[in-house]
Asker: 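Would you mind keeping the following structure in view while I ask a few things?
Positions are given from 1 along the sequence. Every number for a ligand or one of its atoms is a count from 1 in the order of the listing.
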Amino acid sequence: MEYRHLGKSGLQVSALSLGSWLTFGHQISDKTADDLMGIAYDAGVNFFDNAEGYAAGKSEIVMGKILKAHKWERESFVLSSKVFFGTVDKGPNRVGLSRKHVIEACNGALSRLQVDYLDLYFCHRPDRNTPIEETVWAMNMLLQQGKILYWGTSEWDAAEIMEAIRVAKQYNLIGPTMEQPQYNLMERNKLENEYLLLFKEYGLGATVWSPLASGLLSGKYTAKKTKDTRLELKGMEWLKDAVLNEEKLKKAEQLQTLADALDVSLAKLSLAWCLKNPHVSTVILGASKTEQLDENLTALEVLPLLTDEVMDRIEAIVQTKPKI
Ligand code: NDP
């Protein structure tokens, strides 16, 4: 496994990490979740991603039980949670980024995950009804209390991250260390355009999500077979519509031909492409089956195949490079 600094921070995360969205506490059994964490940890994965909103808190409960059962040393892994979406849909103060919800959500995550502190704590979305000052102060209170070690954002606009950095500087506080944006062959603007100044000037780290665009970039949907996948989960109709898009499916098919010519799986090629971007601190993998994770964890092997010529061929197929 390769380890990368989380932006300019001293913390190192495995280039491939494991997340629990839709899977832990929902799509998969607790036994499969346990198997996935074991496979990942044994392969050198040191970062596990979670959020209060995943399966309404159940994802954290499942992960907490697994961490406890394995008795892995706390120093050997980096654990995250995120605040914003809440765990229950009751009352205005159980969501968002107010001081009240940030503090209460962190305490909730610590108890569900059965740990004394979170290494990374993300603001899962911007809260445009709460002053950024209030959130920056709340995060710094948690840092001071030792309940979190680094804080960051997820899917914030560059201007909002800049504002958080400015506020932190103004009050001698600690600003965001990392962002968690979507990044894959279909969705590139934040990483390759919008955040460039943040990477260069402020050394922002990036823990990127949905590297396979929810499985589309494994090539498995070209036949439109969705049985036994996340696209059939209740409430995921919006995702099914987004993934089974004719234009994207056509691109996936062409990428598959390229992957075949290189004699690698399309999933590995797509993951390696994400890893090649030097601004990526870690690519967060998702998996509902151990075979998927076994395959994805070998994606680093494909990096040497990504020559300029292969990168150009990929670019010609996807045509998603942001115009700067
Ligand atoms: P991917 O885009 O990589 O999708 C993972 C899913 O694709 C798997 O669960 C599986 O779904 C399918 N899959 C994975 N590997 C293969 C393979 N080799 N062959 C065929 N199918 C495969 O990542 P996720 O969308 O799961 O995102 C990863 C993590 O990022 C999440 O767990 C979460 O921690 C984080 N995240 C953060 C968000 C944020 O807003 N901050 C938003 C979304 C995710 P299936 O069961 O359908 O086969």
Asker: Take every heavy atom of F122, measure it against each atom of ligand 1, and state whether any distance is under 4.0 Å.
Answerer: no
Asker: Atoms of ligand 1 less than 4.0 Å from L212 heavy atoms?
Answerer: 1 (P), 2 (O), 3 (O), 14 (C), 15 (N), 16 (C)
Asker: Please answer whether the main-chain N or O of S14 pairs with a side-chain N or O of S17 as donor and acceptor at a distance below 3.5 Å.
Answerer: no
Asker: In terms of hydrophobic clusters joined by side-chain contacts under 4.5 Å, are Y150 and V208 together?
Answerer: no
Asker: Numbering the atoms of ligand 1 from 1, which are under 4.0 Å from a heavy atom of H124?
Answerer: 39 (C), 40 (O), 41 (N)
Asker: In ligand 1, which numbered atoms sit nearer than 4.0 Å to a non-hydrogen atom of A213?
Answerer: 2 (O)
Asker: R125 near ligand 1, heavy-atom distance under 4.0 Å?
Answerer: yes
Asker: Please could you name the atoms of ligand 1 that A287 approaches to less than 4.0 Å, counting only its heavy atoms?
Answerer: 8 (C), 9 (O)
Asker: Which residue and atom name correspond to the protein heavy atom nearest atom 30 (O) of ligand 1, and how close is it?
Answerer: W209 CB, 3.2 Å
Asker: Can K65 and D34 be said to form a salt bridge (Lys or Arg N to Asp or Glu O under 4.0 Å), step by step?
Answerer: CA-CA 9 Å; K65 281 186 187 154; D34 187 303; over 6 Å; no
Asker: Does ligand 1 come near enough to V208 that some N or O of the ligand is less than 3.5 Å from an N or O of the residue?
Answerer: no
Asker: Which of the listed options, E155, R230, K227, E232, holds the heavy atom that is closest to atom 11 (O) of ligand 1?
Answerer: R230
Asker: Which option out of K268, Q182, K220, K289 puts a heavy atom nearest to atom 48 (O) of ligand 1?
Answerer: K220
Asker: With a 4.0 Å cut-off on N to O distance, would you call D119 and R74 a salt bridge?
Answerer: yes
Asker: Okay, side chain of N93, backbone of S98: is any donor-acceptor separation there less than 3.5 Å?
Answerer: no
Asker: I need the atoms of ligand 1 closer than 4.0 Å to a non-hydrogen atom of S20, numbered in the order shown.
Answerer: 32 (O), 34 (O)
Asker: Relative to ligand 1, is A267 under 4.0 angstrom through side chain, backbone, both or neither, heavy atoms considered?
Answerer: side chain
Asker: Return the residue, atom name and 0.1 Å-rounded distance of the protein heavy atom closest to atom 41 (N) of ligand 1.
Answerer: S154 OG, 2.9 Å
Asker: Return the CD1 to CD distance between I284 and Q182, rounded to the nearest 0.5 Å.
Answerer: 11.5 Å
Asker: Looking at non-hydrogen atoms alone, which of Q292, E295, Q27 comes nearest to atom 16 (C) of ligand 1?
Answerer: Q292
Asker: What's the shortest distance from atom 28 (C) of ligand 1 to any protein heavy atom, and which residue and atom give it?
Answerer: I284 O, 3.3 Å
Asker: According to the interplanar angle, ranging from 0 to 90°, do the rings of H124 and Y54 count as parallel (below 30°), tilted (30 to 60°) or perpendicular (above 60°)?
Answerer: perpendicular
Asker: What is the distance from atom CE of M37 to atom OG of S20, rounded to the nearest 0.5 Å?
Answerer: 8.5 Å
Asker: Only heavy atoms count here, so choose which of S270, S218, S288, S17 is nearest to atom 19 (N) of ligand 1.
Answerer: S218
Asker: How many angstroms lie between CZ in R4 and NE2 in H279, if you round to the nearest 0.5 Å?
Answerer: 11.5 Å
Asker: Looking at G215, which atoms of ligand 1 are within less than 4.0 Å of one of its heavy atoms?
Answerer: 4 (O), 7 (O)
Asker: Aromatic ring centroids of Y195 and W156 under 6.0 Å?
Answerer: no
Asker: Could you list which atoms of ligand 1 come closer than 4.0 Å to a heavy atom of K82?
Answerer: 41 (N)
Asker: Only heavy atoms count here, so choose which of Y54, F24, W21 is nearest to atom 32 (O) of ligand 1.
Answerer: W21
Asker: Taking the side chain as C-beta and beyond, is there a heavy-atom pair between F77 and L67 under 4.5 Å?
Answerer: yes
Asker: Report, in ascending order of atom number, the atoms of ligand 1 lying under 4.0 Å from any heavy atom of Y221.
Answerer: 47 (O)
Asker: State the CG-CD1 distance between L142 and I174, to the nearest 0.5 angstrom.
Answerer: 12.0 Å
Asker: Of the side chain and backbone of L293, name the one, both, or neither that has a heavy atom under 4.0 Å from an atom of ligand 1.
Answerer: neither
Asker: Consider only side-chain N and O atoms of S214 and R230, and report whether a donor and an acceptor are under 3.5 Å apart.
Answerer: yes
